[in-house]
Amino acid sequence: MNAVAIIQARMGSTRLPGKSLTAIAGMPALGWTVRAAGAIPGIDTVVVATSEAADDDAIRDWCRDAGVRCFRGDERDVLTRFAGAAREAGADVVMRLTGDCPFLDPAVCDQVLHLLVGGGLAYASNVDPARWPDGLDCEAMTMAALAAADAEARRPSDREHVTPYIRNHRDRFGQANLDCPLPDLWRERWTLDTPEDLAFLRAVAERLPADRPPSHVEVLRCLDAAPDLRAINGGGQRNEGFRNALIEEAETDGVAPMRGFEGSVRQLAVAERLIPLGAQTFSKSRVQFPVGAAPLFVTHGDGARVWDVDGNEYVDLVNGLLCVSLGYRDPDIDEAVRRQLGRGVSFSLSTALEAELAALMVDLVPCAEMVRFAKSGSDATSAAIRVARAATGRDGVIACGYHGWHDWYIGATSRNRGVPEAVRGLTTTVAYNDVAALERAFAERSDRVAAVIMEPANAVPPAPGYLAAVRDVAHRNGALLVFDEVITGFRFALGGAQALFGVTPDLAAFGKGMANGFPISAVVGRAELMREMEEIFFSATFGGEAVSLAAAIATVRKMQREPVIEALWRVGEALAAKTQALIDEHGLGDTIGLAGLAPWKLIQIREHPRAGAQMIKTMLIYELAARGVLGLGSHNVSYAMTGPDLAQVASAYRGAFAAIREALDSGRFAERLKVPPLQPVFRIR
């Protein structure tokens with residue numbers, strides 16, 4: 001086996017021109033990387049891959065003088081350059097390194113190489129996810145995987161950055177990542193990209209041994225001894241060049257065309273033989289996405305993006321139905337989960353994590369004096385209703401909004417098949433922002449209503465005084481007020497919508513975003529009501545499951561520590577403003593509109609004389625998916641959303657609205673649609 005380390009290097013950096021040959025402690029930055037590459041056990045050959053641009057003649061000359069093999073190729077198509085260098089060197093295995101990593105650790109690279117070869121994989125790295133310091137990046141792949149990427153990748157960013165195509169086709173290329181044993185190292189910045197980075201590296205290099213490549217532990221010890229050094233280049237962004245490439249693609253409508261959805265169709269056929277509907281959730285199934293024209297199964301997510309089984313990449317506007325509030329693979333949450341996995345998941349007794357998370361919620365949520373945890377939002381709302389019934393001695397419920405799948409609520413909707421008639425009659429639904437409708441519902445059954453349960457905000461914000469009026473009406477009639485904050489909690493405000501709007505309910509249910517995708521929910525409320533939990537039966541084997549508790553604690557603490565909620569409002573507002581501008585630009589204001597508050601905007605589609613609302617919504621989902629955006633008709637934004645993500649969504653909306661406008665103007669909308677219209681599960685808001 002011939003293992004070749006190929007080092008990407010060039011002189012034409014916009015942020016730090018000539019950086020590859022800039023001196024650090026008397027040796028060019030590229031020389032540091034070449035020295036480290038040559039010290040990696042198992043590497044047979046080291047090659048510097050630079051471009052054919054005149055500026056890079058200097059790199060060629062340095063390689064000649066240093067006795068280092070050099071390959072020159074296309075300046076922008078770095079993937080072809082790498083593949084050419086690998087072929088010329090006769091590589092069986094390729095390790096990709098970059099010349100802006102002078103503190104590269106040969107021992108870490110060796111582990112990545114061993115992970116690839118020992119595991120019989122096509123790709124291994126320490127960057128997916130990136131948990132090592134920025135500047136220790138290394139990737140290893142088989143020549144076959146590199147050749148396949150070179151032959152097939154079409155996206156400009158894939159050509160420029162070599163490995164995204166391989167990483168994003170996980171079902172095809174077997175791969176693994178080298179985990180970092182120390183927490184928080186991903187915050188370290190040891191790369192060379194700016195003048196500040198250069199100053200930092202020079203200051204650290206003076207404290208390192210000069211005769212050999214430093215280990216990452218030696219660098220850490222140096223920084224721990226002189227912690228002020230970290231401030232020299234603090235605040236730099238990782239992979240800024242890749243993010244800029246994504247923005248450029250999106251703004252020029254250069255998003256790669258979908259490779260098709262054959263893999264999703266094949267997987268659906270397998271799943272439907274084993275799983276009713278082929279999915280665990282209505283909103284994630286084929287009834288919400290057009291079969292054969294949109295993704296149905298994903299392989300992985302990162303930040304604000306997901307990838308489907310066909311290798312297609314999407315900006316995710318669904319975010320696990322609003323449960324992924326920080327973004328996929330958030331490093332702080334993942335680290336907390338790994339720590340807890342080292343201790344265990346489910347135990348025979350309770351853990352201290354339960355009280356720790358409960359204390360956080362009591363501090364943050366106005367109505368919370370006591371807390372009980374469950375696994376889903378439906379669990380939490382149902383437990384709150386049981387508490388209300390026990391506390392009031394009444395059976396009736398008035399509901400406003402969506403509250404889960406249990407009989408007491410779903411029996412009052414059109415999806416009531418299998419719910420006993422006697423149960424259906426116990427719940428009445430009323431319209432939002434309509435106090436008169438609530439008064440009428442109480443007038444019909446005031447002495448039998450245990451609780452009013454409602455989403456405190458949904459498709460529209462509450463009218464002035466509305467939430468307080470609902471509380472007053474409920475209390476005047478001897479009923480409790482329950483806020484369903486499964487969506488609004490830890491999204492609209494840390495203390496939920498009740499904190500945002502200043503109206504405190506008797507009980508509340510939380511879920512979704514409180515653990516960044518891990519399954520946990522909570523019932524909170526006044527202590528005298530919550531103590532009903534000691535008598536009613538609300539108990540489950542997985543109540544208190546420790547990994548989700550650890551994830552929730554880490555999520556809530558991150559929201560306290562960082563401007564997460566502010567970012568959700570800011571990003572949501574920016575996305576809504578751009579979307580509305582594009583709606584207006586295409587003359588679709590009479591048909592498509594936005595509703596709700598910024599962290600959770602809903603797209604409202606009205607009937608058009610030439611197309612029904614569901615036809616238009618289906619085309620919107622179809623056209624967005626074709627342009628690399630996964631959506632269900634709402635803006636479920638996450639903290640991880642960045643400029644490239646927003647640019648791609650805007651580009652996708654521009655194309656989708658243009659297609660809808662053209663189809664409406666043609667008078668042949670059904671022909672333009674290409675897929676059968678999707679049907680709603682049932683109407684809630």
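- In this structure the side chain of Trp307 never reaches within 4.5 angstrom of the side chain of Asn312, judged on heavy atoms.
- Under a cutoff of 6.0 Å and an axis angle of 45°, Arg96 and Phe82 form a cation-pi pair.
- A side chain to side chain contact (heavy atoms under 4.5 Å, CB included) with Leu317 is found for one member of Leu632, Val649, Asn636, Leu630 and no other, namely Val649.
- Considering CE of Met141 and CD of Gln175, their distance stands at 11.0 Å, rounded to 0.5 Å.
- Closest of all the heavy-atom pairs between Glu455 and Gly401 is OE1-CA, 3.3 Å.
- Salt-bridge check for Asp193 with Arg15: passed, with a basic side-chain N closer than 4.0 Å to an acidic carboxylate O.
- Between Asp150 and Thr80, the side chains place a donor N or O and an acceptor N or O closer than 3.5 Å (distance only, hydrogens not considered).
- Side chain of Ser376 to main chain of Asp379: a donor-acceptor pair is present (N/O by atom type, distance under 3.5 Å, no hydrogens or angles).
- Under a 4.0 Å N-O distance rule, the pair Lys558/Asp330 qualifies as a salt bridge.
- The main-chain N or O of Pro164 is found under 3.5 Å from a side-chain atom of Asn168 such that the two form a donor-acceptor pair.
- A side-chain donor-acceptor contact under 3.5 Å links Asn177 to the backbone of Pro129.
- A donor-acceptor pair under 3.5 Å links the side-chain atoms of Lys375 to the main chain of Pro519, judged by distance alone.
- Between the Arg167 side chain and the Asp128 main chain, no donor and acceptor come within less than 3.5 Å of each other.
- Ion pairing between Glu585 and Arg661 fails under the 4.0 Å rule for side-chain N and carboxylate O.
- Thr618 places no side-chain N or O within 3.5 Å of a backbone atom of Pro677 that could act as its donor or acceptor partner.
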Pair Asp77-Arg159, salt bridge (Lys or Arg N to Asp or Glu O under 4.0 Å): steps then yes or no: CA-CA 5 Å; Asp77 192 344; Arg159 307 299 309 183; 3.1 Å; yes

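- Between Lys512 atom NZ and Asn319 atom CG the span is 11.5 Å, to the nearest 0.5 Å.
- For the pair Arg491 and Val637, the minimum side-chain heavy-atom distance is below 4.5 Å.
- Between the side chain of Arg627 and the backbone N or O of Glu623, at least one donor-acceptor pair lies under 3.5 Å.
- Side chain to side chain, Glu139 and Thr163 meet the donor-acceptor criterion of an N or O pair below 3.5 Å.
- Side-chain rings of Tyr466 and Tyr432 approach one another, their centers coming within less than 6.0 Å.
- Within the 4.5 Å cutoff, side-chain heavy atoms of Asp332 are placed close to those of Trp186.
- Residues Arg329 and Asp334 are not paired through a salt bridge, judged by the lack of any N-O separation under 4.0 Å between the basic side chain and the carboxylate.
- Within the 3.5 Å criterion, the main-chain N or O of Ser264 finds a donor-acceptor partner in the side chain of Asp310.
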Worked check of salt bridge (Lys or Arg N to Asp or Glu O under 4.0 Å) between Arg155 and Glu160: CA-CA 9 Å; Arg155 190 171 179 169; Glu160 184 179 351; over 6 Å; no

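- Of the possible donor and acceptor atoms, one in the side chain of Thr381 sits under 3.5 Å from a partner among the backbone N and O of Gly377.
- Between Arg424 atom CZ and Thr413 atom OG1 the span is 9.5 Å, to the nearest 0.5 Å.
- Separating the CG atom in Leu467 from the CE atom in Met454 is a distance of 5.5 Å, to the nearest 0.5 Å.
- In this structure the side chain of Val470 reaches within 4.5 angstrom of the side chain of Leu438, judged on heavy atoms.
- By the 4.5 Å heavy-atom criterion applied to side chains, Val452 and Cys400 are not counted as neighbours.
- Shown here is Trp405, whose CH2 atom has no more than 12 heavy atoms of other residues, nucleotides or ligands within 6.0 Å.
- Between the side chains of Glu562 and Tyr639, at least one donor N or O lies within less than 3.5 Å of an accepting N or O.
- Taking the charged nitrogens against the carboxylate oxygens, Arg286 and Glu272 do have a contact shorter than 4.0 Å, which makes a salt bridge.
- Ser651 contributes no side-chain N or O that, together with a main-chain N or O of Gln648, makes up a donor-acceptor pair within less than 3.5 Å.
- Between Phe657 and Tyr653, the two ring planes are parallel [angle under 30°; tilted spans 30° to 60°].
- Checked for salt-bridge contact, Glu566 and Arg570 miss the test: no charged N lies under 4.0 Å from a carboxylate O.
- A salt bridge is absent between Arg305 and Asp316; no separation between the charged side-chain nitrogens and carboxylate oxygens falls under 4.0 Å.
- Between the side chains of Glu485 and Thr488, at least one donor-acceptor pair of N or O atoms lies under 3.5 Å.
- The nearest pair of heavy atoms linking Phe297 to Ala271 is CZ-CB, 4.0 Å.
- Leu146 has its side chain within reach of Val162: a pair of non-hydrogen atoms, C-beta onward, lies under 4.5 Å apart.
- In summary, the side chains of His300 and Arg170 do present a donor paired with an acceptor at a separation below 3.5 Å, with no hydrogens or angles considered.
- Using a 30° and 60° split on the angle between ring planes, Tyr402 and Tyr409 fall in the perpendicular class, above 60°.
- Here His406 contributes atom NE2 and Ser382 contributes atom OG; the two are 4.0 Å apart, rounded to the nearest 0.5 Å.
- Atom-to-atom distance recorded for Cys323:SG and Ile487:CD1 is 11.0 Å, nearest 0.5 angstrom.
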